[in-house]
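Below is one structure, written out as structure tokens; the observations come after it.
Bear in mind the structure is a predicted one, so any value in this text is a computation, not a measurement. We count residues from 1, following the sequence as given.
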Amino acid sequence: MTLVMDENQRKTYTFERKLHPDNLLRQAQLKSLKKIIIHNAKKTAEVENKLNDAIRYFPLKSTEAHFWSLARGEIHIVNARGVTRKVRDIDLTNEIKSQLRRDIKIEIRNYKNDEAKASRRFEEFAFDLVSGIFKKIDRDSLIHQKKFFVIFGPHSSLPHAECSYENKNDYLNYKILNIGKNIVVSFDYIFADQAKNVLNQIYSILSAYHLGMDVHIFHFGKIGALRSDISIGDVCIPVSALDENKVMNGDKRAYPINNLLALDDGCRRSFLKHIGKNFEGTTINMTTVLNQTRESLNKSLMAGGDFIEMEWSVMASMDHGYHSNYPNLGKISYYLTGVVSDKPLEGMTLADTEYPKEMMKKVAEAYFSMIAYMDTTS
């Protein structure tokens with residue numbers, strides 16, 4: 001198998017996400033490094049309280065706290081976000097070991113020393129987060145609104161809106177916004193299992209307390225492109241999904257994504273006013289970046305895959321038979337799109353490719369406009 005990233009790209013991608021942003025301190029880290037510890041399903045404060053001799057830092061391309069002990073030659077990584085984040089952290093730590101070409105010990109310290117309990121704790125984080133959100137929203141206003149709006153996407157790309165509450169935490173940052181006459185919950189950059197856990201809690205609470213309420217789910221973020229005619233910065237709309245692991249095992253069945261940006265003429269027209277040119281197609285659900293191979297991507301392309309990401313099929317699959325779990329929930333509507341940030345088959349990887357961030361802002365502006373208009377629709 002041929003890895004998509006060459007050695008220098010892998011080094012850049014990894015070091016920017018795990019090591020100290022200051023180059024001199026980074027070199028000291030690499031020279032002294034003996035061990036990397038991943039604290040799985042723990043909060044930053046829980047780890048920091050036990051690391052009196054370690055300095056806290058944020059890598060260039062990570063919003064998660066890391067800790068470095070020069071005396072012990074240790075880097076401590078806190079994963080408070082989920083199973084997908086843990087897999088990514090393991091990939092990155094293994095790459096550091098590979099780059100240094102010496103024996104670096106890698107240890108995973110699970111919550112209560114139990115991987116299953118660690119996974120369960122991520123669900124508890126989601127429950128606590130969502131429960132707290134509903135305590136901040138006026139119940140009568142929400143019932144009068146008759147719809148519940150959620151946006152998943154980087155807060156740095158959001159246009160200005162009245163913000164009634166903002167919460168920053170280890171698990172997932174969120175804002176409660178007022179867009180037009182609608183109350184909207186906006187979550188920051190999210191990983192696949194986070195999206196599933198958060199939506200599960202939202203659906204459960206709405207089913208229990210807000211009978212019959214419809215839910216509108218908006219998502220935007222960076223994606224990779226497989227097709228040669230799709231360029232960096234292009235906007236893509238998924239209408240179906242393939243799973244990389246299944247494709248590699250010979251299963252090429254694509255599952256539909258009920259994306260209203262493609263299926264509803266009114267939504268599509270509204271979106272196009274802001275975006276213009278876009279591509280519809282099939283997304284490939286992937287969980288790894290560092291371990292992407294040319295063979296896997298080419299096979300995914302031949303199976304009909306057009307672009308790569310990790311959230312859409314997870315979110316979209318949750319409306320299949322959902323009334324069995326959420327009997328009082330209304331209709332679930334999805335609005336999903338991505339901006340191409342890399343083309344791995346053509347050597348343009350996440351390690352060294354810049355994309356026009358203004359396109360992300362245009363997508364967010366389009367979503368805000370659509371939500372504001374919905375206060376005049378049924």
Checklist entry - Excluding sequence neighbours, so at least two apart, what forms side chain to side chain contact (heavy atoms under 4.5 Å, CB included) with I137? => result I133, L142, F148, I176, I183, V185

Next on the checklist: Under the rule for salt bridge (Lys or Arg N to Asp or Glu O under 4.0 Å), what residues qualify as partners of D251, not counting sequence neighbours?
Outcome noted: R253

Checklist entry - Quick one: salt bridge (charged side-chain N to carboxylate O under 4.0 Å, His left out) pairs with a partner in residues 233-246, sequence neighbours left out? => result none

Item to check | With S131 via side chain to side chain contact (heavy atoms under 4.5 Å, CB included) - residues at least two apart | outcome: F127, I205

Item to check | Shared hydrophobic cluster for I75 and I38 (ILVMFWY, side-chain gaps under 4.5 Å) | outcome: yes

Checklist entry - Same cluster or not: are F152 and Y322 linked, directly or through other Ile, Leu, Val, Met, Phe, Trp or Tyr residues, by side-chain heavy atoms under 4.5 angstrom apart? => result yes

Item to check | Beyond-backbone contact of K34 with E74, side-chain heavy atoms, under 4.5 angstrom | outcome: no

Item to check | Check: N182 and Q145 side chains under 4.5 Å, non-hydrogen atoms | outcome: yes

Checklist entry - Just checking, any donor-acceptor pair under 3.5 angstrom between side chains of Q99 and T14? => result no

Checklist entry - If you measure from NZ on K343 to CZ on F307, what distance do you get to the nearest 0.5 Å? => result 12.5 Å

Item to check | Exceeds 12 heavy-atom contacts within 6.0 angstrom, atom NZ of K362 | outcome: no

Next on the checklist: Suppose the criterion is salt bridge (charged side-chain N to carboxylate O under 4.0 Å, His left out): which pairs have a residue in residues 18-28, not counting sequence neighbours?
Outcome noted: K18-D89

Checklist entry - Cation over ring, K357 on Y355, under 6.0 Å and within 45°? => result yes

Item to check | Quiz item: cation-pi between R17 and Y13, 6.0 Å / 45° | outcome: yes

Next on the checklist: For the residue pair R81 and F191, would you count it as a cation-pi contact if the rule is NZ or CZ under 6.0 angstrom from the ring centre and within 45 degrees of the ring axis?
Outcome noted: no

Next on the checklist: Taking ring pair (Phe, Tyr, Trp, His ring centres under 6.0 Å) as the cut-off, I'd like each qualifying pair that reaches into residues 237-269, sequence neighbours left out, listed once.
Outcome noted: none

Item to check | Criterion side-chain hydrogen bond (donor to acceptor under 3.5 Å, both in side chains) on E123 and N197, from CA distance to verdict | outcome: CA-CA 6 Å; E123 297 177 20; N197 288 338; 5.5 Å; no

Checklist entry - Under 4.0 Å between a Lys/Arg side-chain N and an Asp/Glu carboxylate O for E46 and R121? => result yes

Checklist outcome for this item: Quick note, salt bridge (charged side-chain N to carboxylate O under 4.0 Å, His left out) partners involving residues 304-313, not counting sequence neighbours, are R227-D306

Item to check | Those residues that, when tested against D188, pass side chain to side chain contact (heavy atoms under 4.5 Å, CB included) (two or more places apart) | outcome: P154, H155, N173

Checklist entry - With sequence neighbours excluded, what pairs up with E358 under the side chain to side chain contact (heavy atoms under 4.5 Å, CB included) test? => result P356

Checklist entry - According to the salt bridge (charged side-chain N to carboxylate O under 4.0 Å, His left out) rule, which pairs have a member within residues 257-269, sequence neighbours left out? => result R268-E280

Next on the checklist: If you count heavy atoms of other groups shown closer than 6.0 angstrom to CZ of F58, is the number above 12?
Outcome noted: yes

Next on the checklist: Suppose we screen for salt bridge (Lys or Arg N to Asp or Glu O under 4.0 Å). Which residues come up paired with E95, at least two apart in sequence or across chains?
Outcome noted: R10

Checklist entry - Residues in ring pair (Phe, Tyr, Trp, His ring centres under 6.0 Å) with F125, at least two apart? => result Y171

